[in-house]
*Asks:* 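Pasting in a structure now, in structure tokens, and then I'll have a few things to ask.
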Amino acid sequence: MTVEATLCVIISEGSVLLQRKAAGRFGEGKWNGAGGKLEPGEAPVDGVVREVLEETGLRIRGPRCHGRLDHFFGDRSAPAWSVHIFSATDFEGEPVGGEEGELRWFPLEEIPYGEMWEDDLHWLPLLLDGKAFDGAFYFNGDASRLLDFRLTTS
């Protein structure tokens with residue numbers, strides 16, 4: 001069964017807010033945007049607002065949806081995760097890390113791609129350029145290596 005989720009890249013003053021996932025969490029040790037699983041019947045835009053508030057303490061307004069990315073792990077015919085990707089530039093509050101992991105602002109020229117999911121290198125620059133996209137990323141069984149991908153912009 002495919003997990004429906006959201007992810008949000010928060011952008012402010014030439015920097016992005018990323019979260020290093022805590023030990024024991026899916027993606028532990030990797031930097032990523034805030035987000036998580038949608039609740040049953042929850043719209044992606046509502047889910048991303050809720051998840052960002054839960055994980056960062058920030059109240060985002062008017063998040064922009066850039067598209068959806070499907071993630072396949074191993075020899076699966078259906079994606080393990082289908083993630084709705086958002087960005088947000090309008091928010092209130094100060095970021096506060098918690099159980100999900102540490103939060104840190106990174107200048108755009110210092111995004112730690114080497115410590116992120118391999119697919120981020122392909123779609124995050126598109127998001128930062130304000131583009132819409134959809135894609136599929138195929139990882140090996142333990143999700144440690146990107147094997148192939150398809151990414152289209154619109």
Side-chain angles (χ1 to χ4, degrees), residues 1-74 76 78-128 133 135-146 149:
M1 186 159 150
T2 301
V3 174
E4 291 280 333
T6 64
L7 184 127
C8 188
V9 177
I10 299 169
I11 305 165
S12 180
E13 299 178 9
S15 295
V16 295
L17 183 65
L18 298 177
Q19 178 183 67
R20 185 189 302 258
K21 285 293 184 178
R25 303 282 183 181
F26 181 70
E28 74 175 75
K30 295 183 187 304
W31 290 101
N32 207 352
K37 297 175 187 173
L38 290 173
E39 295 177 354
E42 186 176 38
V45 69
D46 296 331
V48 76
V49 169
R50 176 185 53 76
E51 284 287 345
V52 168
L53 179 60
E54 289 174 5
E55 293 187 1
T56 70
L58 298 176
R59 292 185 186 279
I60 59 173
R61 292 182 291 266
R64 177 179 175 194
C65 185
H66 291 267
R68 188 176 77 193
L69 301 176
D70 291 332
H71 296 85
F72 297 80
F73 302 120
R76 289 187 53 148
W81 290 77
S82 186
V83 184
H84 302 267
I85 307 293
F86 291 85
S87 64
T89 57
D90 186 11
F91 59 89
E92 66 179 47
E94 292 296 322
V96 178
E99 292 179 7
E100 289 292 326
E102 164 193 3
L103 297 171
R104 185 184 308 169
W105 290 102
F106 287 93
L108 294 175
E109 61 277 1
E110 296 176 20
I111 293 173
Y113 287 110
E115 300 175 57
M116 298 171 76
W117 286 97
E118 285 183 74
D119 62 298
D120 293 1
L121 182 60
H122 301 285
W123 63 262
L124 185 52
L126 297 173
L127 179 144
L128 295 172
F133 49 83
F137 291 88
Y138 302 88
F139 289 84
N140 63 349
D142 67 1
S144 64
R145 191 166 44 99
L146 181 63
F149 70 95

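Numbering of residues begins at 1 and proceeds along the displayed sequence.
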*Asks:* Measure the CD1-CD1 distance between Ile60 and Ile10 for me, rounded to the nearest 0.5 Å.
*Replies:*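 Between atom CD1 of Ile60 and atom CD1 of Ile10 there are 6.0 Å.
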*Asks:* Measuring only between side-chain heavy atoms, which start at C-beta, is Val49 closer than 4.5 Å to Pro63?
*Replies:*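 Yes. Closest side-chain heavy atoms under 4.5 Å.
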*Asks:* Say whether, by atom type as modelled, one donor and one acceptor occur between the side chain of Asn140 and the main chain of Ser144 under 3.5 angstrom.
*Replies:*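 Checking the backbone N and O of Ser144 against the side chain of Asn140, a donor-acceptor pair under 3.5 Å is found.
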*Asks:* So among Phe72, Phe149, Trp117, which one has a ring-ring contact (aromatic ring centres under 6.0 Å, His included) with Phe139?
*Replies:*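 The single option meeting the ring-ring contact (aromatic ring centres under 6.0 Å, His included) with Phe139 is Trp117.
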*Asks:* Give the minimum heavy-atom separation between Phe133 and Leu126, together with the two atoms involved.
*Replies:*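 Closest approach of Phe133 to Leu126: CD2-CB, 3.8 Å.
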*Asks:* Give a yes or no on whether the backbone of Gly35 and the side-chain of Glu55 come within a donor-acceptor separation of less than 3.5 Å.
*Replies:*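 Present.
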*Asks:* So, applying salt bridge (Lys or Arg N to Asp or Glu O under 4.0 Å) with Glu115, which one of Arg20, Lys30, Arg104 is it?
*Replies:*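 Among the candidates, only Arg20 passes.
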*Asks:* Should Lys21 and Glu100 count as an ion pair when the cut-off is N to O under 4.0 Å?
*Replies:*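 A salt bridge is present here (some side-chain N lies under 4.0 Å from a carboxylate O).
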*Asks:* Taking the side chain as C-beta and beyond, is there a heavy-atom pair between Cys65 and Phe86 under 4.5 Å?
*Replies:*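 Yes; the side chains approach each other to less than 4.5 Å.
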*Asks:* Count the heavy atoms belonging to other residues, nucleotides or ligands that lie under 6.0 Å from CZ of Arg59, then report whether that count exceeds 12.
*Replies:*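 12 or below, so no.
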*Asks:* Quick check: closest heavy atoms across Thr2 and Pro79, and the distance to 0.1 Å?
*Replies:*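 Where Thr2 meets Pro79 most closely, the heavy atoms are OG1-O, 2.6 Å.
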*Asks:* Does Glu13 CD have over 12 foreign heavy atoms under 6.0 Å away?
*Replies:*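 No, because the 6.0 Å sphere around CD of Glu13 holds 12 heavy atoms or fewer from other groups.
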*Asks:* To the nearest 0.5 Å, what is the distance between CG on Asp120 and CG on Leu146?
*Replies:*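 One finds 10.0 Å between CG of Asp120 and CG of Leu146.
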*Asks:* Looking only at heavy atoms, which two atoms of Tyr113 and Leu128 are closest? And how far apart?
*Replies:*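 Distance-wise, the nearest heavy atoms are OH-CD1, 4.4 Å.
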*Asks:* Has Thr6 got a side-chain atom pairing as donor or acceptor with Pro44's backbone, closer than 3.5 angstrom?
*Replies:*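 Side chain of Thr6 to backbone of Pro44: no pair is present.
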*Asks:* At their closest point, which heavy atom of Leu18 faces which heavy atom of Gly33, and how far apart are they?
*Replies:*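 That closest heavy-atom pairing would be CD2-N, 4.0 Å.
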*Asks:* Working note: Glu42 + Glu4, criterion side-chain contact (heavy atoms from CB on, under 4.5 Å); need CA distance, chi angles, decisive distance, verdict.
*Replies:* CA-CA 10 Å; Glu42 186 176 38; Glu4 291 280 333; over 6 Å; no
*Asks:* By salt bridge (Lys or Arg N to Asp or Glu O under 4.0 Å), which residues pair with Glu28, not counting sequence neighbours?
*Replies:*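 In terms of salt bridge (Lys or Arg N to Asp or Glu O under 4.0 Å), with neighbours along the sequence ignored, Glu28 is linked to no residue.
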*Asks:* Look up atom OG1 in Thr56 and atom CG in Leu17, then write down how far apart they are to the nearest 0.5 Å.
*Replies:*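 If we round to the nearest 0.5 Å, Thr56:OG1 and Leu17:CG are 6.5 Å apart.
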*Asks:* Which atoms form the tightest heavy-atom contact between Leu58 and Pro95, and what is the distance?
*Replies:*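 So the two residues come closest at CD2-N, 3.6 Å.
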*Asks:* Could you check whether Phe26 and Trp81 have their ring centres less than 6.0 Å apart?
*Replies:*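 Yes, close enough.
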*Asks:* Do Cys8 and Glu51 make a side-chain contact, defined as non-hydrogen atoms from C-beta onward lying under 4.5 Å apart?
*Replies:*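 No - every pair of side-chain heavy atoms lies 4.5 Å or more apart.
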*Asks:* I'd like to know whether His66 forms a side-chain contact (heavy atoms from CB on, under 4.5 Å) with Trp123, so could you lay out the CA-CA distance, the side-chain angles of the two residues, the decisive distance to 0.1 Å, and finally the verdict.
*Replies:* CA-CA 10 Å; His66 291 267; Trp123 63 262; over 6 Å; no
*Asks:* Looking only at non-hydrogen atoms, find the nearest pair between Arg61 and Phe91 and report the distance.
*Replies:*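 Heavy-atom minimum between the residues: NH2-O, 3.7 Å.
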*Asks:* Heavy-atom count around Glu109 CD within 6.0 Å, excluding the residue itself: above 12?
*Replies:*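 Yes, enclosed.
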*Asks:* Heavy atoms, side chains only, cut-off 4.5 Å: are Val96 and Leu103 in contact?
*Replies:*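 Of all side-chain heavy-atom pairs linking Leu103 with Val96, none is under 4.5 Å.
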